A.B. asks: 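I have a structure I would like to understand better, so I am pasting it below and will then ask my questions one at a time.
Side-chain atoms are counted along with the backbone in the values below, which use heavy atoms only and exclude waters and symmetry mates. Computed from a predicted structure; not experimentally measured.
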Amino acid sequence: MQVNLKKSLYLGLAALTFASVAGATTASATNANAASHHVVKTTKKHAKKYNKKHAKKAAKTVTFKVTKSLNQSLVYKSTGKNAIFTKPGGVKNNKLMVSKSDMGSKANSNSSNDLFMAYQEVRTSKGVHYYKVVSFDKKVRGYVYVKGVQKIDNPTTQATKPSVTTGYVTTNDVHNLPVGYKFGADSSIKNFNGINFSADKFTVDDAVTVYGGDTYYKVTDQTNPLINGWIKASDFSVNMPDSVKNAQNTAQNAANAIHVTYVSSNNLGSTVMTKDINPNHLNTANGTYNVSDVAAAIDNSLKGSGYDLINNNYSAISDKGSNLNSASVINKGENITVVVTPQTQSHQINYTASQLINPDSFNQSLSTISSLKPLNISTNTFNSLFTGTDNSAFNYSNFKSQLLGYGEPMYQLTSNDGNITYTFNAGLTETYAANPALFNTNNQLIPNATFKDVSNQQMSNNANIKGLNLIYNAKNNQTGQQQNVSVNGNGTTTLFGNK
């Protein structure tokens with residue numbers, strides 16, 4: 001019984017195991033078939049959905065094509081309603097070029113640079129029309145909806161010619177067309193092969209005002225009618241330009257000049273310098289100068305040189321090896337030799353520091369004080385700046401850079417008690433009113449002003465002030481207010497100790 005029971009048990013277990021395996025296999029097959037059916041069904045569903053989606057996307061792709069080329073001589077202006085893009089709207093990879101806001105600014109602009117030339121009309125696959133445009137300054141090129149720009153019917157209007165229609169052209173920029181008349185007119189400068197027409201007279205034939213308000217004149221050269229074109233009204237002058245006058249004067253002076261070689265009396269074989277001089281009162285009949293006029297021109301050329309003037313010592317002048325006398329005449333273009341003597345004795349230049357009550361004008365009645373803190377500069381520097389011979393040039397530019405520039409010793413002065421600070425005023429110092437020997441009536445520096453000139457000069461509105469006059473603004477350091485005092489360094493006040 002026991003043995004049979006075991007066999008029966010084993011057989012039972014085996015049968016059970018087999019049945020389990022068989023059941024599992026059947027189940028797996030069933031599940032696999034079901035899964036396979038589900039996958040196929042799902043794949044078909046997704047494929048249908050994918051194709052439908054991409055077919056829809058493909059249908060949305062926008063293209064464009066050129067429908068016609070436009071007249072490039074026409075001028076367009078922004079309406080401010082639409083932006084400019086690199087491609088028409090809806091086309092792939094499109095980028096913004098000019099925003100709608102910026103187009104609004106261009107719509108209100110008076111500059112011809114903000115005008116446009118439209119050279120193509122295009123249509124998208126959606127049927128929308130765009131212009132391809134470029135701005136007059138060539139900085140913008142792209143596509144704008146056709147209502148984003150509008151044509152200007154009259155980019156120029158007739159203008160009035162000047163009351164005097166004969167004059168000079170002061171520019172080399174002569175255009176084929178007025179700038180702003182159409183696209184590219186700004187770069188349509190004519191080439192006259194380097195011909196200099198600055199001294200030629202021109203006639204104004206026509207005048208127009210372009211968009212933005214600039215007026216242009218149509219001009220023609222009276223000497224060479226092939227030289228013609230459009231220029232800005234501001235580049236036309238009824239008077240000969242100063243540059244032309246100066247060039248003509250230079251050429252005339254060169255033709256009428258006398259060529260001078262200066263030799264030192266200390267070494268007659270030593271050439272000091274050479275110059276061309278133009279004496280006054282040329283005798284145009286025979287092209288000669290009187291010796292007195294030549295001597296005056298020589299003295300003028302020696303001014304500031306550090307050599308003695310010849311002062312009508314005609315024997316110091318030789319022409320072709322012969323010394324001159326009071327009856328001598330010299331031909332224009334002649335070569336002459338002048339013997340000059342170097343100056344040796346030096347003296348110190350006076351200086352005056354004047355304080356302003358009103359910082360914008362000169363104080364008419366300057367008082368004198370002697371209460372300034374002393375400054376320290378080397379003896380060599382002091383001598384080089386404050387001492388020189390009568391006829392040596394006073395180098396104000398060098399003087400200013402070493403003593404009067406910002407942060408330099410004399411830029412700011414201080415009273416002994418420290419209550420007042422004086423700050424250099426270059427604008428009023430560098431004037432004819434303050435220093436008439438150093439600056440001309442146009443307040444331009446006289447380059448050959450001598451130490452003697454500056455030492456003897458008198459302030460134009462105060463004869464008591466002699467020498468170099470330096471103007472300062474004074475401030476009370478306690479109150480911060482402008483001081484009603486003046487300082488004078490001429491003999492009574494020294495800023496440099498015992499120097």
A.B. asks: I need the full list of side-chain hydrogen bond (donor to acceptor under 3.5 Å, both in side chains) pairs touching residues 439-453, with sequence neighbours left out, sorted by first then second residue.
C.D. replies: K303-D453, T450-D453
A.B. asks: For residues 315-323, dump all side-chain donor-acceptor pairs below 3.5 Å to protein atoms at least two apart in sequence or in another chain.
C.D. replies:
unit_1: S315; atom_1: OG; unit_2: N313; atom_2: OD1; d: 2.6

A.B. asks: So do the side chains of T381 and Q402 get within less than 4.5 Å of each other, counting heavy atoms only?
C.D. replies: yes
A.B. asks: Do you know which two heavy atoms are closest between V294 and I336, and how far apart they sit?
C.D. replies: CG1-CD1, 4.1 Å
A.B. asks: By the side-chain hydrogen bond (donor to acceptor under 3.5 Å, both in side chains) test, which pairs, at least two apart or in different chains, include something from residues 240-251?
C.D. replies: none
A.B. asks: Once you round to the nearest 0.5 Å, how far does CG of L403 lie from CZ of F382?
C.D. replies: 9.5 Å
A.B. asks: I want to check something: taking the side chain as every heavy atom from C-beta on, are Y181 and V179 in contact at a cut-off of under 4.5 Å?
C.D. replies: no
A.B. asks: State whether the side chain of T429 and the backbone N or O of N425 hold a donor-acceptor pair below 3.5 Å, judged by distance alone.
C.D. replies: yes
A.B. asks: Any idea which heavy atoms bring M273 and L302 closest together, and the distance?
C.D. replies: CE-CD2, 3.6 Å
A.B. asks: Side-chain atoms of residues 199-216: list all donor-acceptor pairs with protein atoms under 3.5 Å, sequence neighbours left out, distances to 0.1 Å.
C.D. replies:
unit_1: T203; atom_1: OG1; unit_2: Q222; atom_2: NE2; d: 2.9
unit_1: D205; atom_1: OD2; unit_2: T220; atom_2: OG1; d: 2.5
unit_1: D206; atom_1: OD1; unit_2: Q158; atom_2: NE2; d: 2.7
unit_1: T209; atom_1: OG1; unit_2: T215; atom_2: OG1; d: 3.1
unit_1: Y211; atom_1: OH; unit_2: K77; atom_2: NZ; d: 2.4
unit_1: Y211; atom_1: OH; unit_2: S109; atom_2: O; d: 2.8

A.B. asks: Sequence neighbours excluded, which residues qualify as ring pair (Phe, Tyr, Trp, His ring centres under 6.0 Å) partners of Y76?
C.D. replies: Y131
A.B. asks: Measure the shortest side-chain to side-chain distance between F424 and M410 over non-hydrogen atoms and say whether it is less than 4.5 angstrom.
C.D. replies: no
A.B. asks: For S198 and N196, does a side-chain donor sit closer than 3.5 Å to a side-chain acceptor?
C.D. replies: yes
A.B. asks: Scan for side-chain hydrogen bond (donor to acceptor under 3.5 Å, both in side chains) pairs involving residues 383-392, sequence neighbours excluded, and state none if there are none.
C.D. replies: Q343-T389, H347-D390, T389-S392
A.B. asks: Could you grab the distance from atom CG of L115 to atom CG of L74, nearest 0.5 Å is fine?
C.D. replies: 12.5 Å
A.B. asks: For the residue pair Y406 and Y411, is the inter-centroid distance of their aromatic rings smaller than 6.0 Å?
C.D. replies: yes
A.B. asks: Could you list the residues that satisfy ring pair (Phe, Tyr, Trp, His ring centres under 6.0 Å) with F451, not counting sequence neighbours?
C.D. replies: F394
A.B. asks: Could you tell me whether K190 atom NZ has more than 12 heavy atoms of other residues or ligands within 6.0 Å of it?
C.D. replies: yes
A.B. asks: Who are the ring pair (Phe, Tyr, Trp, His ring centres under 6.0 Å) partners of Y168, not counting sequence neighbours?
C.D. replies: none
A.B. asks: Tell me yes or no: between the side chains of K332 and N278, is some donor less than 3.5 Å from an acceptor?
C.D. replies: no
A.B. asks: T79 and Q150: side-chain donor and acceptor closer than 3.5 Å?
C.D. replies: no
A.B. asks: State the OG1-CG distance between T288 and N283, to the nearest 0.5 angstrom.
C.D. replies: 4.5 Å
A.B. asks: Are the side chain of D299 and the backbone of N311 linked by a donor-acceptor contact shorter than 3.5 Å?
C.D. replies: yes
A.B. asks: For the backbone of T414 and the side chain of T421, can you confirm whether one donor and one acceptor N or O come within less than 3.5 Å of each other?
C.D. replies: no
A.B. asks: Side chains of S378 and N380: do they bring a donor and an acceptor to under 3.5 Å?
C.D. replies: no
A.B. asks: Which salt bridge (charged side-chain N to carboxylate O under 4.0 Å, His left out) pairs, counting each pair once, include a residue from residues 95-115, with sequence neighbours left out?
C.D. replies: K106-D114
A.B. asks: Mind listing the closest non-hydrogen atom pair of I277 and I298 along with its distance?
C.D. replies: CD1-CG1, 3.8 Å
A.B. asks: For a side-chain contact (heavy atoms from CB on, under 4.5 Å) check, start with the C-alpha distance between L226 and F192, then their side-chain angles and the critical distance, and finish with the verdict.
C.D. replies: CA-CA 9 Å; L226 293 177; F192 298 114; over 6 Å; no
A.B. asks: Side chains of L438 and L468, heavy atoms from C-beta outward: is any pair under 4.5 Å?
C.D. replies: yes
A.B. asks: Keeping the roles fixed (side chain from S415, backbone from N419), state whether a donor-acceptor pair exists under 3.5 Å.
C.D. replies: yes
A.B. asks: Would V272 and Y307 count as a side-chain contact (heavy atoms from CB on, under 4.5 Å) here? Give the steps.
C.D. replies: CA-CA 10 Å; V272 174; Y307 290 88; 3.1 Å; yes
A.B. asks: To the nearest 0.5 Å, what is the distance between CG (D417) and CD (Q478)?
C.D. replies: 8.0 Å
A.B. asks: Evaluate the criterion side-chain contact (heavy atoms from CB on, under 4.5 Å) for residue pair V238 and T166; output intermediate values, then yes/no.
C.D. replies: CA-CA 6 Å; V238 296; T166 300; over 6 Å; no
A.B. asks: Do any N or O atoms from the side chain of N456 and from the backbone of G467 form a donor-acceptor pair under 3.5 angstrom?
C.D. replies: no
A.B. asks: My understanding is that only residues two or more places apart in sequence, or in another chain, count here; which of them pass ring pair (Phe, Tyr, Trp, His ring centres under 6.0 Å) with Y314?
C.D. replies: none
A.B. asks: To the nearest 0.5 Å, tell me how far N473 CG sits from Y422 OH.
C.D. replies: 12.0 Å
A.B. asks: Taking Q72 for the side chain and Y119 for the main chain, is one N or O donor matched with an acceptor at less than 3.5 Å?
C.D. replies: no
A.B. asks: List the steps, then state whether ring-ring contact (aromatic ring centres under 6.0 Å, His included) holds for Y396 with F439.
C.D. replies: CA-CA 10 Å; Y396 174 76; F439 297 89; 5.6 Å; yes
A.B. asks: Heavy atoms, side chains only, cut-off 4.5 Å: are V134 and V140 in contact?
C.D. replies: no
A.B. asks: Please name the pair of heavy atoms, one in S112 and one in F136, separated by the smallest distance, quoted to 0.1 Å.
C.D. replies: O-CB, 3.1 Å
A.B. asks: Below 4.0 angstrom, N of the basic side chain to O of the carboxylate: do K400 and E408 qualify?
C.D. replies: no
A.B. asks: Please walk me through it: do H259 and N335 pass side-chain hydrogen bond (donor to acceptor under 3.5 Å, both in side chains)?
C.D. replies: CA-CA 5 Å; H259 313 295; N335 294 300; 4.8 Å; no
A.B. asks: As a quick check of understanding, evaluate side-chain contact (heavy atoms from CB on, under 4.5 Å) for E430 and N435, giving each step before the final call.
C.D. replies: CA-CA 7 Å; E430 297 166 6; N435 291 288; over 6 Å; no
A.B. asks: Looking only at non-hydrogen atoms, find the nearest pair between P409 and L375 and report the distance.
C.D. replies: O-CD1, 3.3 Å
A.B. asks: Taking atom NZ of K232 as the centre, does the number of heavy atoms from other residues, nucleotides or ligands within less than 6.0 Å exceed 12?
C.D. replies: no
A.B. asks: Could you list the residues that satisfy side chain to side chain donor-acceptor pair (under 3.5 Å) with T171, not counting sequence neighbours?
C.D. replies: none
A.B. asks: Do S265 and P342 touch side chain to side chain, with heavy atoms closer than 4.5 Å?
C.D. replies: yes
A.B. asks: Before giving the answer on side-chain hydrogen bond (donor to acceptor under 3.5 Å, both in side chains), spell out for S292 and N290 the whole-Å C-alpha distance, their side-chain angles and the decisive distance to 0.1 Å.
C.D. replies: CA-CA 5 Å; S292 58; N290 291 327; 5.2 Å; no
A.B. asks: Work out which heavy atom in N228 is nearest to a heavy atom in P225; give both atom names and the distance.
C.D. replies: ND2-O, 3.0 Å
A.B. asks: With sequence neighbours left out, which residue pairs that include part of residues 221-248 fulfil the ring-ring contact (aromatic ring centres under 6.0 Å, His included) condition?
C.D. replies: Y217-F236
